[in-house]
Amino acid sequence: MRVVKAEEAAQPSPQTQVEMYRVLLTARMTDERCWLLNRGGQAPFVISCQGQEGAQVGSVFALDRTQDWFAPYYRDLGVVMALGMTPEDILKSVMGRAGDPNSGGRQMPSHFSSRRLRIISQGSAVATQVLHAVGAALAARTRGESALAIAYVGEGGTSQGDFHEALNFASVHRLPVIFMVENNSYAISVPQNLQMAITDVADRASGYGMPGVVVDGQDVLEVYRVTREAADRARAGEGPTLIEAKTHRLTSHSSDDDQRVYREAGELEKEAKDDVIPRFRRQLLETGMIDDKQEKAMRSEIDAIIDAATEAAENAPYPEPEDTFLNVYSEGPPFPEDLGGGPRMREPE
Amino acid sequence: MRVVKAEEAAQPSPQTQVEMYRVLLTARMTDERCWLLNRGGQAPFVISCQGQEGAQVGSVFALDRTQDWFAPYYRDLGVVMALGMTPEDILKSVMGRAGDPNSGGRQMPSHFSSRRLRIISQGSAVATQVLHAVGAALAARTRGESALAIAYVGEGGTSQGDFHEALNFASVHRLPVIFMVENNSYAISVPQNLQMAITDVADRASGYGMPGVVVDGQDVLEVYRVTREAADRARAGEGPTLIEAKTHRLTSHSSDDDQRVYREAGELEKEAKDDVIPRFRRQLLETGMIDDKQEKAMRSEIDAIIDAATEAAENAPYPEPEDTFLNVYSEGPPFPEDLGGGPRMREPE
Amino acid sequence: MAGLGTHKTVETSAGQLTYIQAIQSALRDEMERDESVIVLGEDVGAKGGVFKVTDGLQKLYGETRVIDTPLAESSIVGVAIGAALNGLKPVAEIQFADFIHPAFNQIVSEAAKMRYRSNGDWNVPMVIRAPFGGGVHGALYHSQSVEAFFAHVPGLKVVIPSTPYDAKGLLISAIRDPDPVLFFEHKKAYRMIKGEVPEGEDYSVPIGRARIAREGRHMSVFAYGLMVHYCVAAAEQMEEEGHSVEVVDLRTVRPLDRGAIIASVEKTGKALVAYEANRTGAVGAEVAAIIAEECFDHLDGPVVRIGGPDVPAMPFSPPMEDFFLPDTERILGAMRRLAAY
Amino acid sequence: MAGLGTHKTVETSAGQLTYIQAIQSALRDEMERDESVIVLGEDVGAKGGVFKVTDGLQKLYGETRVIDTPLAESSIVGVAIGAALNGLKPVAEIQFADFIHPAFNQIVSEAAKMRYRSNGDWNVPMVIRAPFGGGVHGALYHSQSVEAFFAHVPGLKVVIPSTPYDAKGLLISAIRDPDPVLFFEHKKAYRMIKGEVPEGEDYSVPIGRARIAREGRHMSVFAYGLMVHYCVAAAEQMEEEGHSVEVVDLRTVRPLDRGAIIASVEKTGKALVAYEANRTGAVGAEVAAIIAEECFDHLDGPVVRIGGPDVPAMPFSPPMEDFFLPDTERILGAMRRLAAY
Ligand SMILES: Cc1ncc(C[n+]2csc(CCOP(=O)(O)OP(=O)(O)O)c2C)c(N)n1
Ligand SMILES: Cc1ncc(C[n+]2csc(CCOP(=O)(O)OP(=O)(O)O)c2C)c(N)n1
Ligand SMILES: [Mg+2]
Ligand SMILES: [Mg+2]
């Protein structure tokens, strides 16, 4: 595993590290709540961040949350929570409520979006967002801003043509982009060896003349450090970087999947032991940045927040059926049947 | 330029080398005739092989023309002539005659196809053929044959998602495929530095875990040698190879283009001096495989063949207008308007 | 879920199969019959597909004939085309019809035009299977009906069965067809629709022929996929109200069975088309246009279309999802108004 | 060819511009007016585009606003989407409409659905320009009419001007539109069609409104792009034969101007639709379906469609190319038969 040289500068402050841990925990506990709701029949679909929060939170904290652009994918609950999404936002979306800030209950859960937070709306087709991040970076560069864009994608998504086209475009124009591949070694049931003939996705970087970095995605501070370095390069006009975070998918692909059908029990146990949360917790306790009591207090605080969020979401209204017609185009439909119009029901006179 | 070790085995026999030269000359002289016809108003469109014949002919002779599969692109007149297409075939297609074996006058010139010669029909959308070659190789491997497939593509075509997806699929399944990139450093007017951020396309190979080879495309025997090595690897089950032949586009992109608008005169002169034909001719004269008299005789033979071919093509019939309806599906159209049917002209009764 | 998927279930079920079992049975019969048939797609191997359509096939026929591909639809189709050109009969699975778009160029520019552009020298015997349609909380990208894009493309055939019998018979025809066939399976029908399927016997259903799902005299209703069942239910209600409605299951949307469409309207004089796709520019428009062009002298009323609303796709939230999907009630309302016309 | 392309030509021409000059003039005016407008595509810079539409723009506005992209349409559109989300107004050029298919997923799954899926939070102010249509020996892949694919997609607007005045006015509206607009330019019209275009003055033509190209009383003919000119020529011949034919230039094929279509047919009682695209499942089918649904009580004859044949695309060889392309003669024949009906 190639590792770039350490830099003290790239160490978040103790208080920031505790903050990072709080986001990690909030994402994990919110995700766990979604599964509870799924079993309880209140959430038809769940797709998890569990196991990948380190790569997500570690990278966001290394960036400028006041101006940078984010194109996450469906696992990135840790990314959007680090940017300011709340458990209530998430639970409303899982329950398809009108108040879901991502889509007003239109998209499946975990299809994140927020213009305010510069989280680019994602559809379900994998890897399309990687090109959107490149375009956002192009716009920032055109206006001479120092903002960069980061795209998150799974290792399976790297097989799409759009991934190749995005890396190529960004490198030709030396755009301020970071490509963050969360390699959990599975695409639903397809293992990495059937997805690509290489061990490290980062090896693709040299084919675009950009640096490629492999980082242990379970090491939050390492992710922070390499992301910070990539960001510095990007802002200095030195172009894009491909970062591959080796990580684990601790749950089945989604609530519709059962990974025991295609994965060895041994592998699952091994990965569960490498969970980022206990690992970062240990780090914080050892360095004395937090103590056991504080950590327990933090958990119960978050629990309380999620309980309140669950109740708020449960009591939040659904969209009106007719809301189906809204926001197809900017203007109201001049031709109802054509611009977001309904099925024709009127009396043919 | 990385070059792989020489192998005596990979030297074509003197008589084969002379044969290769004849094909080079035939392709070049046929192409020149197309331009004459274009100026004469008999050929609305010409797109040339000129300058790239070395990579084309050198590679085909290194393969098994009795069983291998070929997915050429529009510059590959040298490829298809090495496989058996004749000047008459080509001139009929340039003039849109019914006898055009590639498409019966349906496609633009240089969209090559012949099931008999295992030349996969190509459309105009660049790089799609690269995936077809991978599929053909998959089929051969599935049946346990020793045949391989080779795809030809320009360096501009490598920017397409399909190029990435093809290399990835072939490498994951270790298929017997050769990817031959003819890098003439321009995609119409777009220079290589605006097409990719690297000098050698071959550097992309490592990102797929396959060998990448750069070869001087103006050196016919070098192209032959590296192609033979890639073929041996492929047939031995060691998977695909990416070969980049550095070459030159001696003409404008096509008869609709004028490259003097976007290229330096100096660059054009320099490339003209590096033409493969005089270079290979010199080689053959020096090694005594052919003498001046024989070479001149060969030229006039070919000239005569092309003259006859031109006349034959000029006298060949156009397709019937109604032929427009043929070969949409295997069966005759049961519903004329829908299965290859015509515009509805009948009297509404 | 797994249970339903295995061909065992297929063998043990007595004549009655679900829609998905019929598809599984067609796949297995054809792979058994013809070595050149291969299956490729995302998760079709070890997992047996996200809907379990290919469950068990890799165990039976091995990894060379049942291929888990990388996550890239253009390569799934492009490789299938090349394999078809070299003698195989690939059955490619696109995990959801919504994700067929990255392969659009390979399907429309390559597969559809290969025979024509080579003047009949080459052909592409390939099937592309994809689950489509809504009503399963699939939201914007797991509910789409995309058939109209392909029904416009000469060189392609587009099949959409509504019953287990047709699903098996048409998939067999599609696999044996020398040209590229898109085969769309309604995901809500997979386990909801049951029906008779002949055991063991080798039958097939011809591509390009509609089926009269229900005879009627006063009105013709054209549909395909899940909508056929809603239309039949509505027609039965209409019967009780004294109106005899004919329901025509198009089964193939390219080529459309013009003869059957025209004959039915000439008989009844009234026409309604029901479909789930976005209303504008869909297959229903072509059906209506054929009727307007061919049946003018027989028409006793406007040609009515009931389609999905013209919004990008079916939303996730239950009230909006229900609102989007045309159902028996909505179709019935349109039938009543047309009957009263 | 080069001369025609430069904006110089545009400035010196007195009121009369060719179709391509009108487009060049719109591009230059909007780039001059609004710094956020950028142009990107293959060969749009140094070469000024294969048709010279963007000729001179890079010299005027530099390489950051006029970008020669790598040869990859999905990235051209995907990058344009991202740039639009971050405040630019990209005008992407697809070199030929036939090559828009690799970008199909970015256009249909992303650009078209961005506003809807974010419930109005995001929008994509982007224009995709592409030359389309046949009659220039472009053969199968440089002659296609692909508008029907996009006219089916909620979230997109699809504009196809037939005159220089509309080409400029509609391109200006498209660039200023907050939603994604596909702008198809008929390549045969580029230099063949001339017309008045106001000098200097800042005007625009609204998207979604048809134009009556020629008033008439006995028959309504609907067309767009080059076909409009053929229809007007045929209508003039019909006039001499005593039939008054109204020609409606749709100008926008999504959204269709339903009001104008219905009003014209209610006036004339007969309808014909002429288009170059493959006949089946095209925009003409939607126009006919609207008429069949809305104008039943006013129709005095079948709704006739004249379209390109249902073969993959326009062949290269002159006899087949001529046979494919609907022309004045063929349209006239259909008009005569419909008039006699
Ligand atoms: C274009 C497209 N094809 C198929 C799918 C179905 N699908 C959803 S997620 C997924 C696997 C993604 O794997 P990876 O990129 O590794 O991300 P991970 O889920 O492992 O984090 C697939 C095949 C899709 N969403 N989009
Ligand atoms: C998908 C697609 N986009 C655009 C074009 C138009 N076009 C034809 S050739 C060409 C340049 C190809 O360059 P390269 O691949 O380097 O091949 P070369 O012509 O240099 O041999 C372009 C842009 C096309 N044919 N297909
Ligand atoms: Mg993964
Ligand atoms: Mg080139």
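Below, chains carry the letters A, B, ... as their sequence lines are ordered, and counting in each starts from 1. We use all heavy atoms of the structure for the numbers below, so side chains are in, but hydrogens, waters and symmetry mates are not.
- Neither the backbone nor the side chain of A:T199 has a heavy atom closer than 4.5 Å to any heavy atom of chain B.
- Of the possible polar contacts, one joining the B:N168 side chain to the A:Q195 backbone as a donor-acceptor pair under 3.5 Å is found.
- Of all heavy-atom pairs spanning B:I198 and A:S206, the tightest one is CG2-O, 3.7 Å.
- Ring geometry, B:F163 versus A:H164: the interplanar angle falls from 30° to 60°, so the pair is classed tilted.
- Scanning both residues, B:V172 and A:L194, for their nearest heavy atoms gives CG1-O, 3.5 Å.
- Residue with the most contacts toward chain B among A:G209, A:G239, A:S159: A:S159 (heavy-atom pairs, distance under 4.5 Å).
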